[in-house]
Amino acid sequence: MAKNSSKSKLLPIYIINGPNLNLLGTREPEIYGRATLGEIEKLCAERGRSHGLSTIFLQSNKEGELVEFLQEARTGASAVILNAAAYTHTSVAILDALQTLKQPVIEVHLSNPARREDFRHLSYVAKAATGIIAGLGVNSYLLAIDAVAAILAGAPSKKK
Ligand code: DQA
């Protein structure tokens with residue numbers, strides 16, 4: 001089947017994952033599910049392809065490295081999907097990096113932080129996110145890709 005030519009020119013979606021997400025599969029599966037990060041990466045690539053979009057899937061346990069991924073995204077990405085994990089709730093450095101982006105940013109979480117401990121209720125990422133998808137396990141990532149596809153296709157969105 002012929003590729004959609006306008007979409008195939010788009011830069012990839014950066015899907016950026018923060019600390020401890022490399023342990024998915026064995027890390028608190030009752031909260032985060034049993035899918036490994038590698039399995040989530042594959043599903044994201046497939047979902048991206050179904051929209052004619054490519055994905056670059058990244059993970060780091062280091063705050064500064066996450067900031068560097070976001071700086072790369074300024075010129076390398078058409079959109080960013082970010083699960084900053086615990087740094088969601090603490091990192092002004094990640095918020096500052098997000099605020100330099102002109103692209104859509106979707107904050108994702110496997111769990112629903114609003115239902116969990118009070119310290120998870122504050123999200124610095126949310127202050128710079130176009131939208132937030134949380135609590136749906138792996139589907140949070142897949143729905144974020146659907147959202148990015150809709151935004152890039154020109155669906156009305158409030159910001160970015
Ligand atoms: C998380 C939620 C965060 O509060 C937590 O620190 C994580 C994972 C999630 O995907 O549900 O590491 O971002």
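Order of listing sets the numbers, starting from 1, for every ligand and every atom in it.
Polar contact with ligand 1: absent for Thr88 (N/O pair, distance under 3.5 Å). Residue Ala86 places at least one N or O, backbone or side chain, under 3.5 Å from an N or O of ligand 1. Not one N or O of Arg116 is nearer than 3.5 Å to an N or O of ligand 1, by distance alone. Between Pro113 and ligand 1, a contact under 3.5 Å exists for no N or O pair.
When all heavy atoms of Asn61 and Tyr87 are compared, the closest pair comes out as O-OH, 3.7 Å. Nearest heavy atom pair, residue Ala144 against residue Ile106, reads CB-CG2, 3.7 Å. Taking both residues in full, the closest heavy atoms of Lys62 and Ser60 are given as N-OG, 2.9 Å, listed atom of the first, atom of the second, then distance.
Looking at His109 against ligand 1, both its backbone and its side chain come within 4.0 Å, counting heavy atoms. Here Asn20 has no heavy atoms under 4.0 Å from ligand 1, in either its backbone or its side chain.
Listed by atom number, the atoms of ligand 1 under 4.0 Å from His89 heavy atoms are 3 (C), 4 (O). If you number the atoms of ligand 1 from 1 as listed, the ones under 4.0 Å from a heavy atom of Arg27 come out as 7 (C), 12 (O).
Leu110 N, 3.4 Å is the protein heavy atom nearest to atom 9 (C) of ligand 1. Here the heavy atom of the protein found nearest to atom 11 (O) of ligand 1 is Ser111 OG, 2.6 Å. The nearest heavy-atom contact from the protein to atom 7 (C) of ligand 1 is Tyr32 OH, 3.5 Å. In terms of protein heavy atoms, atom 5 (C) of ligand 1 is closest to Arg120 NH1, 3.3 Å.
Across Ile94, Val105, Thr100, Leu58, a single residue satisfies side chain to side chain contact (heavy atoms under 4.5 Å, CB included) together with Leu70, and that is Ile94.
The distance from atom CG of Leu152 to atom CD of Gln103, rounded to the nearest 0.5 Å, is 9.5 Å. A distance of 8.0 Å separates CG of Leu66 from OG of Ser91, quoted to the nearest 0.5 Å.
When atom types are taken as modelled, the side chain of Glu107 and the backbone of Ile133 share no donor-acceptor pair closer than 3.5 angstrom. With hydrogens and angles disregarded, a donor-acceptor distance shorter than 3.5 Å links the side chain of His121 to the backbone of Ala114.
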